[in-house]
Amino acid sequence: MVSDHEQVEEMARSFNRKVHFHDIPDAILSSIFSLITDTRSRNAMSLVCLKWHLLERSTRTFLSLRGNIRDLVLLPTCFRAVTNLDLSLISPWGCSIPDSSLNTTVLAQVLHWTFPSVVTLTVYARNPSILRLLAPQWPYLRQVKLVRWHQRSSTTLGSDFVALFEHCHSLASLDLSHFYNWTEDLPPALEAYPSIAASLSHLNILNYTSAQGFKSHELLAITSACPNLREFLATCIFDHRYIGSVGDETLLSLATNCPRLSLLHLVDSSSMSAARGDPDNDGYTTEDARISQNMLIEMFSALPLLEELVLDVCHNVRDTWIALEMLNSKCPRLKSLKLGQFHGVCKGIDARPDGIALCSRLESLSIKNCADLTDSGLISISLGCPRLTKFEVQGCKKITKLGLTKVASILRKTLTEVKISCCKHLNTVTSLQALEPIQDSLQRLHIDCVWEMVEQSVSEATSSAKSPGFKCSEKRRGIWEETNLKKKYKKYNFNGDGYASSTWAKLQYLSLWIEAGELLNPLALAGLDDCPMLEEIQIKVEGDCRHQSSPSSPDDFGLSSLRCYPRLSKMNLDCQTAIGYALTAPSGHGDLSPWERFYLNGIEKLNLTELNYWPPQDIDVNRRSLTLPAAGLLAQCRTMRKLFVHGTASEHLLRFLLEVQTLRDFQLREDYYPAPENDTSTEMRIDSCSRFEDALNRRAIPD
Amino acid sequence: MGSLILEALNVRVEGQGDKFLVFAHGFGTDQSAWQRILPFFTPYYRVILFDLVCAGSVNPDYFNFRRYTNLEAYVDDLLNILDTLGVDRCFYVGHSVSAMIGILASIRRPELFTKLIMIGASPRFLNDKDYHGGFEQEEIESVFVAMEANYEAWVNGFAPLAVGADVPAAVREFSRTLFNMRPDITLFVSRTVFSSDLRGILGLVKVPCCIIQTSKDVSVPASVAKYLKNHLGGKTTVEMLRTEGHLPHLSAPAMLAPVIRRALSR
């Protein structure tokens, strides 16, 4: 009896013992591991024990190689499960692998043996020889992305693609969005390999490397060669004054050629230049596009499977509500829509849904340069499209805070991503005030930093409070004077609108546009002072520094004001559209080094771990280069782990960066066209880069 | 020693022709400054390009502070390159300080240089009695005092002293390119350059020279061009360029190239 009782107790105890993680069968552990995508977490996991290391490696499917090309033969062999391989970032950036002094057959064999399962490949294809080397090694490639910012080597048309089409018969997806070539290159290649063309389901020729647009006959040749396309993105020419422009007939033929399209992006080449535009512009271009409403309706009918549509046209498309009203019935799956220069999208009469507002299934809507969009139109749209999670307006002169506030409050349960840009009546403060209904739920936001003096509402909030304002230089345009008042106003509910504290509880990503010469400091006081979750920020600076006086030492852009965001760790600082003089400033004019100091001053106070920086450029000499102040200031960022400079830098200045103890990944990426060739820009000499990276890699990393 | 210097100073030889043409850049740039000029000459000359040891593209370890205390060491480098390449006669185009280096080289080896072409050259920057170099002692001194007082910060690139508004206006234009070099080298080299005075040896130059002067170069007043013409020992001409600035090869290459071509053919 006693032993029975003891046995039962024993059993009871064993049931109560907690199950350890290691008791989980390998198959389940493996599934768990394969769901983890963050690289740093994976690296940490693989350090736990040998078993975890093996499991992690066997479930790692994505890998980006970042070493130096001469070390490629030393590839680690444990990543055999990798199916998605990125070779485009190998150092020196943009190098041509087969031309370097390496044994190329050995290299090809090593790559094939180390990564036997690759089906998705990204590679920097400086010239056709790299694909001639690699394509035979991975004949089962399904998705390929080619990258090239350098000039096209003078070869026959389409020779870049021949090796790929020849060897990879399962090719289903081709991404050329960052690949510089001529528009005449692709159609003959596709026509020469009809079986590849017929099996392509994704083709991306929305080219960021150049402002060339595909001509009408080229688009038709491509789409007739690839009738099974599901996703097609292309830059085209909508300007009817050009030969080969895209108009009614082309659009219709394109749709009939590829009836299975679920994603279609057609963007005019002038939109690719990314300039912001003038908010005072009334929104109508001088010419009209050759796109008619009836044709649009027919095009929609021809694409019943459409889920995502972008039509970014450079010229006016008028009275579009006619076609847009049919969109809901013709394309029942449509979830995402972006229209550029479409007027009359929603008339908003009596808040009765019309035009776009009838597309009730839309989840993402982006309206650009719609000259007649009014507040009532906005209200109509928000009532008619209750599922919108993403909403963007750009260049719409007639909308005001009233309309936007209504949108935010009607859609407050679903909206998580908003962009407001270049709208005359929506400066930064009014935009933020308008978005108050979604302060608690907004996750991603873009606004322009336009610091006009706020209207009457601020002067109502007079109080004798003396908040510590900061000193602003009077010289700078649009500078805040009533900052102390504003701050008080935000904290205490003065205004009858019922403003709570301006906490943006879920905001993770913030994107800003600001004109060259303007300060960033007013941002926190404009209504964005409390963003506890903000991790990533993108700042784009645009303007001409040549005609402004050089900033002098105490003035700075105000990056340190971003300290109020405690979790901020990643930044993209894009000054490439700030134009200045690099070396050749006429006498009396400043060059870009005081500007770089202006923009980067205070960056070390932010505890950033990742920074992408585009230096300002001198367009006359195609030079985007770090100057001494920039190198010195970047070197003070003691927590930086990854730093990518999208320009050139001399070796002397790079040496400063060796002082950043935590820096483990640095690269100079000239991803602009034309990327400087090695022999025309000695700052980018391969040896300099290699020496620097060796020095970087030789140091011990503290964490 | 031979091939080491060719590699260390990034020496390149481009173009076809039977005559050699050397392009030597000034402080703060590197041979890429000649990129826009190059196409005008590569069809007709064998063009030699190289970087000065203080240029941003040269391994910083090569700058020996004990060796490069005056311009003679730079002249040694130039002659080493030409000897290693086996050049016995060449045309020489030098910008700013490289023009001075060319002058010194031609005094040492007059048979090596068929003609010297000088852009933005000046034998002495400081003003003297009856000589207008463009800079006053006090102005230069104030810059050096500031730089040296803050040497640590300078060397670490702590940007307290960039270019532009931080330095006196007169020094500003010249220093624009100077401050693109490594800070400790800049300090070092600026002392060298501003204390150099080559007026005395100008008469020793026997090689024909062509001085190219822009209409407004703040670091080289127009009177300096005239001074050079009057004091250089060989046959000297002055060509005026109807453009402003200290770097015409960058800011106005299409205007500069024909002027150089003309000078080379005479």
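Because the structure is a prediction, the values reported are computed rather than measured. Residue numbering restarts at 1 for every chain, and letters A, B, ... go by the order of the sequence lines.
P60(B) approaches H652(A) most closely through the heavy-atom pair CG-CD2, 3.2 Å. Residues N59(B) and R655(A) come closest through the heavy atom pair OD1-NH2, 3.4 Å.
For A33(B), no part lies under 4.5 angstrom from a heavy atom of chain A.
No other option in D61(B), T29(B), L49(B), T243(B) has as many heavy-atom pairs under 4.5 Å with chain A as D61(B). When D620(A), T627(A), L600(A) are compared by the number of non-hydrogen pairs under 4.5 Å with chain B, D620(A) comes out ahead.
The structure places CG of D30(B) at 12.0 Å from CD of E651(A), a figure rounded to the nearest 0.5 Å.
Counting only heavy atoms from C-beta outward, the side chains of V621(A) and Q35(B) never approach each other to under 4.5 Å.
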